[in-house]
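Let me begin by presenting the structure, written as structure tokens, before commenting on it.
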Amino acid sequence: MKTISLLKAALSQDMNVFKYKAKESSNKITKIIFPIILFLMVSMAIGTYAYMFGKELSNYHLTYIMISLFIIFVTIITFIEGIYKSQGILFDSKDNELLFSLPIKKHQILFVRIFKLLLFEYLYNLMFLLPAFVVFIYFEKPGINFYLISFLMSFLIPIIPTVVSSILGYIIKLVSSKFKARKIIQTLLSSVVFLGIFYLSMNFENFIQDIVSNATNINDLLTSIYYPLGLYVNLITKFNLLDLIKILLVNLIPLILFVLLGSKYYFKIISSSSENSSHIKTNSKKELILKRKPIESLVRKELKRYFSSPVYMFNTSFGLLLCAIASIFLCIKGPSVFNDILSESGINTDLSLPVIFYFFILFVGAMTSISSSSISLEGKTINITKSLPIKEKTILDSKILTCFVIELPFIIFSDLVFFIIIKPNILYILLITILSFIIVFLTSCIGLIVNLKYPKMNASNDTEVVKQSMSSMISVFIGMGIFIISVLGIILLSSYIKIELLLLFHMILMFIISIILYTILNKSGVKEYKKINV
């Protein structure tokens, strides 16, 4: 009964992938329909790719390989996400002290939390798997056996990658808890693991070349790498009770062992690393902010909050890490690194290296959204900040300035390396340098405006804010849209207008949009900030 009660409590909060804090005027139909529409939009986009694969493979009656590819894809995504998502859900939940003070067994708490993590992964995976299943049904017209096995498999897929990634997260948490700067060490270790996975994925063909040369087809390769996939393919092609038992045991036994064995050290790890911004007293916070200049103190507070949250740092640092990696490779391999990346990606372009780098900086800045979570992450402490004799405009400006402090060192470093090695003309140096500032300013304004529109102030952990909030999702989509529209527009118009003029016009347009958004933020944004009450 205790486990069931814990499950009800855990699943009653933030179990919608697209959940957001709607205004009181929003009706129940809107709250239900809007996430469904978003889910369908993403599924339709994924379904387009599934159809492209399925159409070609169906001519040879190999449509099931398309499902194999999608299962491998969601398994990898689940594993990568689980490494840092487990940090927030399993270890850094805000109700740790309450739950561990109650007469509840540790393995029950761990089971409930990993169950919640699995359910999140299932909802995400469903957006990819459901279109693949529909496409397979469309081309192959399978029997009832396929529906039943696929329904079961969709629940089982997240288990193994989630357990393995949670173990890695467990190890990262254990190692980081030995250091004083635990959060930073934790993030660095997570980043090392992520970069290792990224490196392996970039060189995947080299690692499996021998296997591919000896494999009879792609499906044999995939099923030999991932055993549960082979069992699934056998079950949908020719049902076997023994394979069904195997697939259940292969997935459930690791989960059971992880819960039973992990719970023995669960409390020790959490207690040794339990620290977050809530342990700072209200008086000390006020003293800190009022002791220095308001804007300086607020930026320090924002930076401290940023570096105290591994999931916040890790989730917003992909573009920045990409910048650093590109700079390192540029130093080692020289200009050929861009040609290698483009050729491996199958992209043929006549654009010059400075133009490609301009697009690269645009991508890094557009896909880095720090401010989209900065207001929500304040939680109840926002009332402390609002009670200070500081203008709301200054508070919002400090959040924008924080984005500059975090992002610019990576981007400017990458710019300088590019300028020194490639030696572009002065016009491109000016365009790229100015863009580096403008794109950070633009995305920070967008993130704040969206976060003020959809705040999530009562989240139980940082993961819910950074990964599952409406503001984060919208900001990422907007950044992606800015990049895609900009690149397509410049490339299409380059046949009629000189590329340098297009980049100059693009940069001016981005600056104008930034000023407009900043003006809106200072007027409507300040009003929205005042309305937030926790």
Side-chain angles (χ1 to χ4, degrees), residues 7 11 15-19 35-36 38-51 53-54 57 63-82 85-86 89 111 114-166 219 222-223 225-241 243-256 258 467-468:
L7 279 174
L11 302 184
M15 285 311 301
N16 192 321
V17 175
F18 301 110
K19 187 173 181 179
I36 294 176
L38 289 174
F39 185 92
L40 292 176
M41 288 175 61
V42 175
S43 296
M44 288 176 65
I46 300 299
T48 302
Y49 293 100
Y51 180 81
F53 279 108
L57 293 170
T63 316
Y64 62 88
I65 295 179
M66 179 268 298
I67 296 183
S68 298
L69 292 171
F70 271 74
I71 290 177
I72 288 293
F73 175 75
V74 298
T75 299
I76 294 172
I77 292 297
T78 301
F79 176 69
I80 294 174
E81 278 196 343
K85 190 180 290 185
S86 63
I89 293 180
F111 169 75
I114 198 169
F115 183 86
K116 182 178 181 178
L117 180 59
L118 282 170
L119 194 53
F120 272 126
E121 299 294 357
Y122 167 73
L123 293 174
Y124 278 113
N125 291 354
L126 202 59
M127 289 190 293
F128 297 90
L129 293 176
L130 191 59
F133 291 151
V134 171
V135 169
F136 181 85
I137 293 169
Y138 175 78
F139 284 111
E140 297 297 331
K141 308 292 188 299
I144 190 66
N145 178 56
F146 171 81
Y147 295 91
L148 296 176
I149 298 301
S150 297
F151 179 77
L152 174 64
M153 187 64 178
S154 63
F155 284 98
L156 297 178
I157 287 173
I159 293 179
I160 291 179
T162 299
V163 169
V164 175
S165 62
S166 295
N219 190 67
L222 296 177
T223 53
I225 293 174
Y226 192 53
Y227 181 65
L229 176 61
L231 294 174
Y232 169 73
V233 172
N234 291 339
L235 285 169
I236 63 173
T237 54
K238 186 178 180 181
F239 180 80
N240 184 293
L241 182 59
D243 287 337
L244 178 61
I245 296 173
K246 286 181 181 179
I247 201 170
L248 288 172
L249 293 177
V250 165
N251 285 278
L252 295 179
I253 289 178
L255 176 62
I256 295 171
F258 175 75
K467 291 291 297 177
Q468 296 144 14

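Index from 1, following the sequence.
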> Would Tyr122 and Phe155 count as a ring pair (Phe, Tyr, Trp, His ring centres under 6.0 Å) if you check the C-alpha gap in whole Å, the side-chain angles of each, and the deciding distance to 0.1 Å?
Replying inline: CA-CA 6 Å; Tyr122 167 73; Phe155 284 98; 4.5 Å; yes
> Stepwise, does the side chain to side chain contact (heavy atoms under 4.5 Å, CB included) test hold for Lys246 with Asn240?
Replying inline: CA-CA 10 Å; Lys246 286 181 181 179; Asn240 184 293; over 6 Å; no
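Taken from OG1 in Thr75 to CG in Asn125, the straight-line distance is 7.5 Å, to the nearest 0.5 Å. Taken from OH in Tyr64 to CG in Leu69, the straight-line distance is 11.5 Å, to the nearest 0.5 Å. Once rounded to the nearest 0.5 Å, the distance linking CD1 of Ile149 with CD1 of Ile236 reads 9.5 Å. Residue Phe133 holds its CZ atom at 5.5 Å from CD1 of Ile71, rounded to the nearest 0.5 Å. Atom CG of Leu129 and atom CD1 of Ile46 lie 10.5 Å apart (nearest 0.5 Å). The structure places CG of Leu152 at 8.5 Å from CG of Leu235, a figure rounded to the nearest 0.5 Å.
Within a 6.0 Å radius of NZ in Lys238, no more than 12 heavy atoms belonging to other residues, nucleotides or ligands are found. No more than 12 heavy atoms of other residues, nucleotides or ligands lie within 6.0 Å of OH in Tyr138, so this atom counts as exposed by the packing criterion.
Counting heavy atoms from C-beta on, the side chains of Leu148 and Ile144 come closer than 4.5 Å. Using a 4.5 Å heavy-atom threshold, the side chains of Val74 and Tyr124 count as separate. Two residues are said to be in side-chain contact when any heavy atoms from C-beta on lie closer than 4.5 Å; Pro161 and Tyr226 meet this criterion. Side-chain contact between Leu255 and Thr162 is absent, with no heavy-atom pair separated by less than 4.5 Å. Side-chain contact between Val250 and Ile160 is present, with at least one heavy-atom pair separated by less than 4.5 Å.
Listed here is the closest heavy atom pair of Leu229 and Ile72: CD2-CG1, 3.8 Å. Residues Ser68 and Val233 share a closest heavy-atom pair of OG-CG2, 3.7 Å. The nearest pair of heavy atoms linking Ile67 to Tyr232 is CG2-CE2, 3.7 Å. Here the shortest heavy-atom pairing between Pro131 and Ser43 reads CG-O, 3.3 Å. When every heavy atom of Ser166 is checked against every heavy atom of Ile114, the shortest pair comes out as OG-CD1, 4.4 Å.
No hydrogens or angles considered: a donor-acceptor pair under 3.5 Å links the side chains of Glu140 and Thr63.
Of the listed residues (Phe146, Tyr51, Phe70, Tyr147), just one forms a ring-ring contact (aromatic ring centres under 6.0 Å, His included) with Phe136, and that residue is Phe146.
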